A.B. asks: 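What follows is a structure written as structure tokens; I'll ask about it next.
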Amino acid sequence: MQLIDGKALAKKVQDSVATEVEQLKQEENIVPGLAVILVGDDPASHAYVKMKAKACEKVGFYSITHNMPDTISQDEIIATIEMMNSNPRIDGILVQLPLPKHIDTDKILEVIDPKKDVDGFHAYNVGRLVTGLDSFVACTPLGVMKMFEEYNIELQGKDVCVVGASNIVGKPMASLLLNANATVTITHIFTKDLKAHTSKADIVVVGVGVPGLIKEDMVKEGAIVIDIGINRIEDGSLVGDVDFKNVSPKCSYITPVPGGVGPMTIAMLLSNTLKSAKQRV
Ligand code: GUN
């Protein structure tokens with residue numbers, strides 16, 4: 001069993017972004033800029049946004065966070081996004097999800113200029129991803145693809161089971177895998193027999209937010225298991241969606257939680273923002 005070290009790979013990506021930023025500054029006088037919109041006071045969202053801002057600073061980006069109370073109107077959020085759309089210092093716009101219930105998330109995401117949509121959530125980018133065209137791709141699944149590449153894990157012809165069909169993880173993950181010629185099964189909350197699908201797969205990718213959902217008898221010997229879940233349990237510790245202790249001995253490769261997919265999400269956000277800034281040239 002080999003651990004896939006997301007922390008180390010994220011650092012490698014971050015270092016290479018920092019080098020390119022320095023070059024971009026010197027040669028083109030461009031400083032990549034990221035705007036983050038954070039609505040409400042969800043502690044997890046605040047923690048994520050803080051980590052994103054810190055990472056931006058580390059690689060030499062300009063970054064700005066718009067903190068808004070959860071009483072804010074949809075129109076005010078839209079006005080802020082439109083301001084960022086026309087701000088030439090801003091290359092990437094990220095609206096931290098989830099948004100409060102009175103806000104129509106689809107409507108908000110639609111307002112972001114697709115060329116600044118570094119989260120890859122806009123329907124324009126999702127459509128381009130599905131058709132196999134160059135696009136901004138959601139950071140978490142993109143980070144998983146980077147892990148496969150780094151560890152020389154071949155995807156063509158492999159049976160992959162993606163557990164969870166969210167717009168921000170499962171669906172883009174499945175599209176990326178399909179584009180890489182894998183045979184992809186997507187399971188979700190209405191799937192009749194989850195184990196029947198996961199136990200046949202060469203690779204299981206799970207991101208649903210259910211601690212310990214994937215158990216030892218649900219994966220085959222030698223499987224590759226990618227755990228996207230980050231769950232804080234009663235004793236305060238972080239665990240994934242995989243029962244790591246019992247599943248890991250069966251795996252050829254597995255990602256730990258923490259230190260697996262988590263750090264990759266921010267690294268790919270930096271990479272997407274740099275990609276957008278380069279398009280200024
Ligand atoms: N909420 C949970 N994950 C994400 C993410 O990758 N991007 C944004 N904007 N919000 C999230």
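On a predicted model such as this, the values are computed, not experimentally measured, just so you know. Throughout, numbering of the chain's residues begins at 1 and tracks the sequence. Values reported hereafter were calculated over all heavy atoms of this structure, with side chains retained and with hydrogens, waters and symmetry mates removed. For ligands, and for the atoms within them, numbers begin at 1 and follow the listed sequence.
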A.B. asks: Keeping the roles fixed (side chain from K25, backbone from G60), state whether a donor-acceptor pair exists under 3.5 Å.
C.D. replies: yes
A.B. asks: Would E22 and T19 count as a side-chain hydrogen bond (donor to acceptor under 3.5 Å, both in side chains) here? Give the steps.
C.D. replies: CA-CA 5 Å; E22 198 47 48; T19 306; over 6 Å; no
A.B. asks: Does an N or O anywhere in L94 fall below 3.5 Å from an N or O of ligand 1?
C.D. replies: no
A.B. asks: Tell me whether H197 contacts the main-chain N or O of T191 through its side chain, where contact means a donor paired with an acceptor under 3.5 Å.
C.D. replies: no
A.B. asks: Consider every N or O of P98 and every N or O of ligand 1, then say whether any pair is closer than 3.5 Å.
C.D. replies: no
A.B. asks: Side chain of S252, backbone of G222: donor and acceptor closer than 3.5 Å?
C.D. replies: yes
A.B. asks: Hey, quick one: are I228 and L194 part of the same hydrophobic cluster, counting side-chain heavy atoms closer than 4.5 Å, chains of contacts allowed?
C.D. replies: no
A.B. asks: What is the nearest protein non-hydrogen atom to atom 10 (N) of ligand 1, stated with its residue, atom name and distance?
C.D. replies: L97 N, 3.0 Å
A.B. asks: Please state which protein non-hydrogen atom is closest to atom 11 (C) of ligand 1 and give its distance, to 0.1 Å?
C.D. replies: Q96 NE2, 3.5 Å
A.B. asks: Which of the numbered atoms in ligand 1 are under 4.0 angstrom from any heavy atom belonging to V95?
C.D. replies: 8 (C), 9 (N)
A.B. asks: Sub-3.5 Å donor-acceptor pair from the side chain of N231 to the main-chain atoms of G240, do we have one?
C.D. replies: yes
A.B. asks: Would you mind listing which atoms of ligand 1 come within a distance below 4.0 Å of any non-hydrogen atom of D119?
C.D. replies: 6 (O), 7 (N), 8 (C), 9 (N)
A.B. asks: Below 4.0 angstrom from a heavy atom of I168, which ligand 1 atoms are there? Numbered from 1 as shown, please.
C.D. replies: 2 (C), 3 (N)
A.B. asks: Out of curiosity, is F121 lining ligand 1, as in a heavy atom under 4.0 Å away?
C.D. replies: yes
